[in-house]
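The block underneath contains the structure these notes are about, expressed in structure tokens.
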Amino acid sequence: MSDHSLFVFRQCTEIAYLLLYVDDIVLTASSDKLRSSNITKLGNEFAMKDLGPLNYFLGISVTRSPGSLFLSQKKYASEIIEKAGLSSSNPCATPVSARPDISYAVQQVCLFMHDPKTQHMAAIKRILRYIKGTLNLGLTLTPSSLGSLVSYTDVDWGGCPDTRRSTSGYCVFLGDNLISWSAKRQPTLSRSSDEAEYRGVANVVSETCWIRNLLLELHCPIRKSTLVYCDNVSAVYLSENPVQHQRTKHVEMDIHFVREKVAKGEVRVLHVPSRHQLADIFTKGLPSVLFDDFRASLNVRPPPVSTTGVC
């Protein structure tokens with residue numbers, strides 16, 4: 001199983017999915033009859049309570065509107081801000097200088113979580129003040145075709161001033177909806193930008209392979225190749241060129257892994273201009289206008305008018 005917390009029931013045309021986390025359960029089914037039947041059977045075996053339509057799960061509130069779901073962490077974030085005693089503080093435009101997203105900022109302060117100093121606590125307060133100003137934002141999901149899986153990957157080569165390790169970032173779309181994203185420091189040093197970029201490609205290919213397997217278990221297989229957009233021409237070239245070069249020997253495992261997926265037709269690595277590289281938002285500072293544009297392209301925006309004030 002791709003996810004050990006997920007259980008799938010299928011009988012003829014009927015199908016049900018159950019997602020379990022400790023004592024919280026999300027259950028959905030292809031028909032009301034099947035869902036009710038499963039709830040009754042579970043109730044006969046375990047002490048449980050039906051809370052009705054999904055509205056809150058693992059810190060994420062779910063609000064329905066005509067034609068969409070709005071996922072928000074406003075309640076969860078507000079509780080953290082209140083616990084930190086910052087409820088009356090003024091919002092901050094960015095969590096750190098020139099970095100409008102929290103991925104990089106949170107990653108940096110986490111490096112000192114076991115021995116934080118005054119400057120680290122000040123950085124945490126700034127992050128929370130930034131979150132306070134973005135409480136109204138959430139992820140919008142809309143009905144969309146499940147026929148395509150598209151990803152974007154980018155790397156900030158040697159960007160960590162302390163270790164000179166690179167930061168990889170990617171985002172994955174199923175149809176029109178953002179379903180997976182990541183921003184994390186690479187575990188090893190990359191001796192060239194090409195090496196760092198190719199490791200970034202390998203990371204997102206690994207993630208999309210997992211998603212494809214998960215969708216197969218959900219009986220919603222992806223027939224088309226996964227598209228991986230990268231703004232590094234060398235990384236795109238290496239994904240298809242079978243000739244090894246001396247400068248690629250340090251990433252040989254990643255190269256063979258990606259090429260195997262490309263050869264099987266499961267993946268296509270394509271070039272995208274930096275102006276349209278959505279994964280830039282996870283790896284580097286961007287001008288506010290470009291950041292806002294990319295953030296909207298990731299479907300992170302205020303709630304639909306019909307749900308404003310509900311979250």
Side-chain angles (χ1 to χ4, degrees), residues 1-3 144-157 165-284 294 297-298:
M1 290 290 291
S2 297
D3 190 334
S144 176
S145 168
L146 301 181
S148 64
L149 203 60
V150 178
S151 61
Y152 295 81
T153 176
D154 186 61
V155 169
D156 178 26
W157 176 48
R165 292 182 185 177
S166 306
T167 300
S168 295
Y170 64 74
C171 54
V172 183
F173 291 84
L174 178 59
D176 298 327
N177 295 306
L178 178 68
I179 61 170
S180 179
W181 58 91
S182 173
K184 62 186 300 184
R185 198 171 59 176
Q186 292 184 354
T188 56
L189 281 170
S190 294
R191 296 172 60 183
S192 69
S193 59
D194 293 345
E195 184 178 332
E197 291 280 1
Y198 208 88
R199 284 192 171 127
V201 171
N203 286 341
V204 75
V205 169
S206 177
E207 175 70 5
T208 57
C209 287
W210 179 84
I211 293 173
R212 290 177 71 100
N213 288 335
L214 177 62
L215 290 170
L216 183 63
E217 292 171 3
L218 294 175
H219 303 283
C220 300
I222 297 291
R223 306 295 184 188
K224 298 180 180 178
S225 300
T226 298
L227 301 183
V228 177
Y229 286 106
C230 173
D231 59 10
N232 183 279
V233 176
S234 294
V236 175
Y237 174 72
L238 284 172
S239 69
E240 295 183 349
N241 180 22
V243 179
Q244 291 287 348
H245 298 280
Q246 180 69 18
R247 65 193 176 103
T248 68
K249 66 179 182 181
H250 304 290
V251 284
E252 213 168 292
M253 294 290 287
D254 289 332
I255 288 174
H256 283 297
F257 169 68
V258 174
R259 282 184 185 160
E260 180 180 288
K261 300 300 179 183
V262 171
K264 289 182 177 180
E266 296 179 12
V267 172
R268 292 178 61 199
V269 182
L270 305 174
H271 181 260
V272 63
S274 295
R275 175 59 182 83
H276 303 291
Q277 176 53 279
L278 300 184
D280 269 1
I281 202 171
F282 298 107
T283 61
K284 56 180 66 73
F294 281 178
S297 297
L298 295 174

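We count residues from 1, following the sequence as given.
The shortest non-hydrogen separation linking Gly200 to Thr153 is O-OG1, 3.2 Å. Minimum heavy-atom separation, Cys209 to Phe257: SG-CZ, 4.4 Å. Between Ala196 and Val155, the shortest heavy-atom distance links the atoms O-CG2, 3.4 Å. The heavy-atom pair separating Leu149 from Thr208 by the smallest distance is CD2-O, 3.9 Å. Taking each heavy atom of Val258 and Ala202 in turn, the nearest pair found is CG2-CA, 3.8 Å.
Taking OH from Tyr198 and CG from Asn203, the interatomic distance works out to 12.0 Å, rounded to the nearest 0.5 Å. Here CG of Leu270 is found 10.0 Å from SG of Cys230. Values are rounded to the nearest 0.5 Å. Put simply, CG on Asp280 and CZ on Arg275 are 10.0 Å apart, with the number rounded to the nearest 0.5 Å. Annotation: the span from Asn213 atom CG to Ile222 atom CD1 amounts to 11.5 Å, rounded to 0.5 Å. The distance from the CD atom of Glu207 to the OG atom of Ser182 is 7.5 Å, given to the nearest 0.5 Å.
Thr188 places a side-chain heavy atom less than 4.5 Å from the side chain of Arg199.
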Do Gln277 and Tyr152 pass the side chain to side chain contact (heavy atoms under 4.5 Å, CB included) test, and can you show the C-alpha distance, the side-chain angles, and the key distance before you say yes or no?
CA-CA 7 Å; Gln277 176 53 279; Tyr152 295 81; 3.2 Å; yes
Run the side chain to side chain contact (heavy atoms under 4.5 Å, CB included) check on Asp231 and Asp154 step by step: do they pass?
CA-CA 7 Å; Asp231 59 10; Asp154 186 61; 3.2 Å; yes
Between Leu298 and Phe282, does a side chain to side chain contact (heavy atoms under 4.5 Å, CB included) hold up when you go through it step by step?
CA-CA 11 Å; Leu298 295 174; Phe282 298 107; 4.0 Å; yes
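Listed by chain and number, the residues in a side chain to side chain contact (heavy atoms under 4.5 Å, CB included) with Ser297 are Leu278, Asp293 (sequence neighbours excluded). Under the side chain to side chain contact (heavy atoms under 4.5 Å, CB included) criterion, Arg185 pairs with Gln107, Leu111, Cys160, Thr163, Arg165, sequence neighbours left out. With sequence neighbours left out, the salt bridge (Lys or Arg N to Asp or Glu O under 4.0 Å) criterion links Glu266 to Lys261. For the side chain to side chain donor-acceptor pair (under 3.5 Å) test, residues two or more places apart in sequence or in another chain that qualify with Thr226 are Arg212.
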Distance-only donor-acceptor pairs under 3.5 Å for side chains of residues 166-179, two or more places apart:
{"from": "Ser166", "atom 1": "OG", "to": "Gly158", "atom 2": "N", "distance (Å)": "2.9"}
{"from": "Ser168", "atom 1": "OG", "to": "Gln186", "atom 2": "NE2", "distance (Å)": "2.7"}
{"from": "Asn177", "atom 1": "OD1", "to": "Thr142", "atom 2": "N", "distance (Å)": "3.0"}
{"from": "Asn177", "atom 1": "ND2", "to": "Thr142", "atom 2": "O", "distance (Å)": "2.7"}

